[in-house]
Amino acid sequence: MGVRSAHVEDAAAGPPPLAVVCVVALLEGEPHAWLFEDAALTSLEELQTAWSGSDGPYVVFGHAQAELRGMAARSWEPPRVGCVMTAQILLAAEGGPRFRGRGWLEQLAAELLDVELLSPMCTEFDALAREASVSLELMRRMTPQLRRAGLVPTFEMECSLLPSVLDMERRGIRFDREAFTVLVRGWQEAHDELTLADAEDAPPRLRRLKKLLSTYAHWGDTFVGDDGRIRCHLHPMTTDSGRFSCTDPNLQQVPSTHTAPGFRACFRASPGHRLIVADYAQVELRVAAQVAPCDAMRRVFVEGRDPHRTTAATLTGKSEHDITDRERKLAKAINFGFLFGMGPRRFQSYAEASYGLELDPAQAREARDAFLRTYPGVHAWHQRTAALPRDTNDERVHVATRLGRRRGFDIADFSFTTALNIPVQGTAAEGFKLAMMRLHTRLPALEARGLLCVHDEYIAEAPAAHAEQVRERVVEEMTAGMRAVTPDVPIEVEATVCDNWEEA
DNA sequence: ATGGTAGATAGC
DNA sequence: GAATGCTATCTACCAT
């Protein structure tokens, strides 16, 4: 079964109606698409005909009927429809309540749109059609706002992304329950011993074990299906930055090897398959070099240098070769901290708490100044951002990502640090989403599928015989997707072929 | 009993 | 003048 998304475009008819994106599912060569009302379409031509006779905006969303029924049978969250997406995008830009995490879609529909929309148990196709017709009228009202705010590209991207998200949710990841059970038993024993030995104060080790037991131990029973695969819910539209959130379970917060050895090893490739685990190298710094823009930071990447080593060398006066691991780690924290507006005081306490490095206020100040001297483009960007609330006559200010996703602030609640972070984190998220769309289109030809996305990491699965070929393709497409938003800064992706998540 | 928030801790 | 950011989940606690 293949699913492809199609942007319907008709240049000859003048500017296209806004926010028109149709997701057409192709099932065994037969396209199925449904618009609102009773327009059930069976071909792309019919879809285009129906669309071109209307004055927009539209729905938007179709699914192969079999897919819909399959989702309903598993009580999945139903397909999201355009009006809900529009509302979420506008709320981030224009203020108002935000709906996050589990149940966000139902809450938004019930509380904001004042309609009973998209019941969680959407078992019949006609129910979806009726609900979609509700969304038509809502979208008619919201689309002008979308256009005025320049949010159409964001909306279109989110529509086009949906098939890849639904595919990941449906597919799940093979999970080794037996190994996990053994692991949990180990946590429990360690916890019991520690509790007996040291009942008074709770050392960090005991707190960590409590967290592991309370948050993760039940996953094997709660979230693993009869087919031995663990499935989560991914939410592409619930964050201000444009990143995904993830719930039930949150597979984006699975403890790493350092915290819980053996946990990620339970996430395995299907029989006969391998995992491809890929992530971007220093993606936020690269994106920052683009959006600031900062030529000095851009050059670090063009020349293939290590930005953390470079900062460490600047601070210590040593050559980049002589930097120790410890110095590099501190420099990494400095780069991220100062990039996003950390002040000298916080840096001072961080350096002492994490590294026992005692600095006086003047030294902390000098470290920050040195960073900003090294990256003048970053400094100028900070100054422009700090001036935003002063340089407006309006009551609100906005920051935006490369594709134009907006995050608005009341002047009274303006946050300098958030205003720095959103365009960088958000642009990186957009580049990643573009990459996911490319991968969703191209991996099936190699019999490979995406399984999970974790902010700057992508996990796919492929037949063992040509996993290496898939690895190369994943690197290519991830690089290309991010390059679309960072044309002036090189992008690097590191990817490994492995049998479980922990090997990566 | 139910519901909301703060803080700690898991991820990026 | 100063200011790292975005999340989810669990426990403890307080208010209704």
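Residue numbers begin at 1 in each chain, while the letters A, B, ... track the order of the sequences. Just so you know, these numbers use all the heavy atoms, side chains as well, and skip hydrogens, waters and symmetry mates.
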Select base, sugar-phosphate, or nothing to describe what [X] touches, counting heavy atoms under 4.0 Å on all strands.
{"X": "A:Gly343", "result": "sugar-phosphate"}
{"X": "A:Asp240", "result": "sugar-phosphate"}
{"X": "A:Arg368", "result": "nothing"}

Would you say [X]'s side chain and [Y]'s backbone share a donor-acceptor pair under 3.5 angstrom?
{"X": "A:Tyr350", "Y": "A:Arg345", "result": "no"}
{"X": "A:Asn421", "Y": "A:Val424", "result": "no"}
{"X": "A:Asp360", "Y": "A:Gln363", "result": "yes"}

Under a plain distance cut-off of 3.5 Å, with no hydrogens placed, do [Y] and [X] share a side-chain donor-acceptor pair?
{"X": "A:Arg229", "Y": "A:Ser270", "answer": "yes"}
{"X": "A:His398", "Y": "A:Arg406", "answer": "yes"}
{"X": "A:Glu327", "Y": "A:Thr316", "answer": "no"}

Q.
Quick check: do A:Thr311 and A:Thr374 have side-chain heavy atoms less than 4.5 Å from each other?
A.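 No, too far: nothing below the 4.5 Å cut-off.
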Q. Taking the C1' atom of each, how far is B:dC12 from C:dT4, in whole Å?
A. 14 Å
Q | Boundaries of the DNA chain C segment in contact with chain A, non-hydrogen, under 4.0 Å | A | C:dA2 to C:dT11
Q.
In terms of relative ring orientation, are A:Phe414 and A:Phe409 parallel, tilted or perpendicular, with 30° and 60° separating the classes?
A.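 Perpendicular: the ring planes of A:Phe414 and A:Phe409 meet at over 60°.
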Q) Quick one, which residues of residues 243-267 of chain A touch DNA chain B with a heavy atom under 4.0 Å? A) A:Arg243, A:Gln252, A:Gln253, A:Val254, A:Pro255, A:Ser256, A:Thr259, A:Arg264
Between [N] ([atom2]) and [X] ([atom1]): distance, integer Å:
{"X": "A:Lys332", "N": "B:dC12", "atom1": "NZ", "atom2": "C1'", "value": "10 Å"}
{"X": "A:Leu209", "N": "B:dA8", "atom1": "CG", "atom2": "C1'", "value": "15 Å"}
{"X": "A:Lys211", "N": "B:dG7", "atom1": "NZ", "atom2": "C1'", "value": "11 Å"}

